[in-house]
Amino acid sequence: ILLKSQVQDNLDKIAECTNEQRLIAEKIKLLRMHLSELKSKSDQFIKEKTVTILDLEFKIAELQDQRELLKLQSNSLLEKTMGINGLSTKLDKLKTIRAQMEAKTSILDKEIKFFEANSNCPTCKQKIDHKFSCDVVENRSSDIHTISSGLEQLSTMYQDVQRQILFELEPVSYTHL
């Protein structure tokens, strides 16, 4: 009886251990399934983030290319601006020279009119020699002719500089943007 009782206790313990073993095996199976799901989700997450990283790296490269293009265009515009500034200065100098030449022509015209209109000095009333008057008128007329020729050349130079400025101001091509 005692032996039977111990055998029965042992059988009960074996049954209990077998049940525990089954439960533990089931828990292990569930944990493995859960770990498998977590691994699958983390792998999917890593793939998504890798794709995102590659997209962002591509966009960064594109933006860097655009930045370099914009730098080149900026430098080109800066060079054009400096060129235009120099041309504008040249244009201003030509305007100044033209004004000086026109003022000189006006003075010479007044002198010619004076010597053609007066045979006596209106201030001191002395007689002005006819030969002297003719020489002065001839010299002043020659000077006016020389200045007029210079004004024509100056006008041509002025137009050339204006064309250069217009050429420099032509729009920059932004087709690569």
Side-chain angles (χ1 to χ4, degrees), residues 38-177:
L38 288 177
K39 184 176 180 342
S40 174
K41 286 180 182 179
S42 67
D43 287 347
Q44 182 64 28
F45 182 76
I46 289 171
K47 284 180 185 177
E48 289 172 2
K49 294 305 173 188
T50 302
V51 168
T52 303
I53 289 170
L54 291 175
D55 284 345
L56 291 175
E57 285 175 346
F58 180 73
K59 286 179 183 178
I60 288 170
E62 280 182 335
L63 291 174
Q64 286 174 337
D65 290 345
Q66 285 180 357
R67 187 183 82 203
E68 290 303 316
L69 178 64
L70 289 174
K71 276 184 183 179
L72 291 173
Q73 289 174 345
S74 173
N75 289 340
S76 173
L77 288 174
L78 183 61
E79 288 173 12
K80 278 189 174 194
T81 301
M82 290 178 2
I84 290 172
N85 287 342
L87 291 172
S88 294
T89 302
K90 189 173 184 178
L91 206 57
D92 290 341
K93 287 179 183 178
L94 291 174
K95 286 179 187 177
T96 302
I97 292 170
R98 181 178 63 194
Q100 291 171 347
M101 291 172 84
E102 288 171 348
K104 181 69 172 173
T105 301
S106 175
I107 291 169
L108 293 174
D109 268 341
K110 287 179 184 177
E111 288 180 14
I112 289 172
K113 288 178 185 174
F114 173 81
F115 282 103
E116 288 177 341
N118 297 306
S119 58
N120 291 328
C121 176
T123 305
C124 66
K125 308 292 184 205
Q126 287 183 342
K127 182 172 170 98
I128 300 173
D129 186 37
H130 181 67
K131 182 174 177 3
F132 176 74
S133 290
C134 289
D135 286 345
V136 169
V137 168
E138 186 180 316
N139 287 339
R140 299 306 187 260
S141 294
S142 173
D143 290 346
I144 288 175
H145 178 70
T146 303
I147 291 173
S148 294
S149 173
L151 279 171
E152 288 174 15
Q153 291 175 349
L154 190 71
S155 178
T156 302
M157 289 172 61
Y158 189 84
Q159 290 171 353
D160 289 344
V161 171
Q162 282 181 321
R163 276 192 289 276
Q164 286 176 329
I165 288 174
L166 289 176
F167 177 76
E168 290 291 328
L169 288 175
E170 284 186 9
V172 176
S173 172
Y174 293 102
T175 56
H176 292 91
L177 293 181

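Being a predicted model, the structure only gives us computed values, none of them experimental.
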A.B. asks: Please test Asp135 against Lys131 for salt bridge (Lys or Arg N to Asp or Glu O under 4.0 Å), starting from the C-alpha separation and ending with a verdict.
C.D. replies: CA-CA 6 Å; Asp135 286 345; Lys131 182 174 177 3; 3.6 Å; yes
A.B. asks: Using side chain to side chain contact (heavy atoms under 4.5 Å, CB included), reason through Ile46 and Lys49 one step at a time and then give a plain yes or no.
C.D. replies: CA-CA 5 Å; Ile46 289 171; Lys49 294 305 173 188; 5.9 Å; no
A.B. asks: Starting at CZ of Arg163, measure out to CG of Leu87 and round the result to the nearest 0.5 Å.
C.D. replies: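 Those atoms lie 12.5 Å apart.
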A.B. asks: Output the distance between atom CD (Gln126) and atom OG (Ser119), rounded to the nearest 0.5 Å.
C.D. replies: 13.0 Å
A.B. asks: Check whether Ser106 reaches the backbone of Glu102 with its side chain - one donor and one acceptor, N or O, closer than 3.5 Å.
C.D. replies: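 It does not hold such a pair.
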A.B. asks: Using a 3.5 Å distance criterion without hydrogens, assess whether the side chain of Ser76 forms a donor-acceptor pair with backbone atoms of Leu72.
C.D. replies: no
A.B. asks: Would you say the side-chain atoms of Ser142 pair up with the backbone N or O of Glu138, donor to acceptor, closer than 3.5 Å?
C.D. replies: no
A.B. asks: Quick one: pull up CG in Asn118 and OG1 in Thr123 and give me the separation to the nearest 0.5 Å.
C.D. replies: 9.5 Å
A.B. asks: Do the side chain of Ser148 and the main chain of Ile144 share a donor and acceptor less than 3.5 angstrom apart?
C.D. replies: yes
A.B. asks: Roughly how far, to the nearest 0.5 Å, is the CE atom of Met101 from the CG atom of Leu94?
C.D. replies: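 Output value for this atom pair is 10.5 Å.
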A.B. asks: Using a strict threshold of under 4.0 Å (side-chain N to carboxylate O), is an ion pair present between Lys39 and Asp43?
C.D. replies: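 The answer is yes: the pair qualifies as a salt bridge.
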A.B. asks: Can you measure from NZ (Lys110) to CG (Leu108) and round to the nearest 0.5 angstrom?
C.D. replies: 11.0 Å
A.B. asks: Could you pull out the closest heavy-atom pair between Ser141 and Ile112, with the gap in Å?
C.D. replies: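 The pair with the smallest heavy-atom distance is OG-CD1, 3.5 Å.
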A.B. asks: Can you check side chain to side chain contact (heavy atoms under 4.5 Å, CB included) on Leu151 and Leu154, steps first, answer last?
C.D. replies: CA-CA 5 Å; Leu151 279 171; Leu154 190 71; 4.3 Å; yes
A.B. asks: If you measure from CG on Leu63 to CZ on Arg67, what distance do you get to the nearest 0.5 Å?
C.D. replies: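 If we round to the nearest 0.5 Å, Leu63:CG and Arg67:CZ are 9.5 Å apart.
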A.B. asks: State whether Tyr158 and Arg98 meet the cation-pi test: NZ (Lys) or CZ (Arg) under 6.0 Å from the six-membered ring centroid, and within 45° of the perpendicular axis.
C.D. replies: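 Judged by the rule, Arg98 and Tyr158 form a cation-pi pair.
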A.B. asks: Taking all atoms of both residues into account, what is the closest heavy-atom pair of Ser133 and Ile128, and its distance?
C.D. replies: OG-CG2, 3.1 Å
A.B. asks: Using the rule given for side chain to side chain contact (heavy atoms under 4.5 Å, CB included), can you reason through Glu57 versus Ile53, listing the C-alpha separation, both sets of side-chain angles and the distance that settles it, and then say yes or no?
C.D. replies: CA-CA 6 Å; Glu57 285 175 346; Ile53 289 170; 3.7 Å; yes
A.B. asks: Any side-chain to backbone donor/acceptor pair from Thr52 onto Glu48? Under 3.5 Å, distance only.
C.D. replies: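 Yes, because the side chain of Thr52 sits within donor-acceptor range (under 3.5 Å) of the backbone of Glu48.
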A.B. asks: Apply the test side chain to side chain contact (heavy atoms under 4.5 Å, CB included) to residues Glu68 and Lys71: give CA-CA distance (whole Å), side-chain angles for both, the deciding distance (0.1 Å), then the verdict.
C.D. replies: CA-CA 5 Å; Glu68 290 303 316; Lys71 276 184 183 179; 3.8 Å; yes
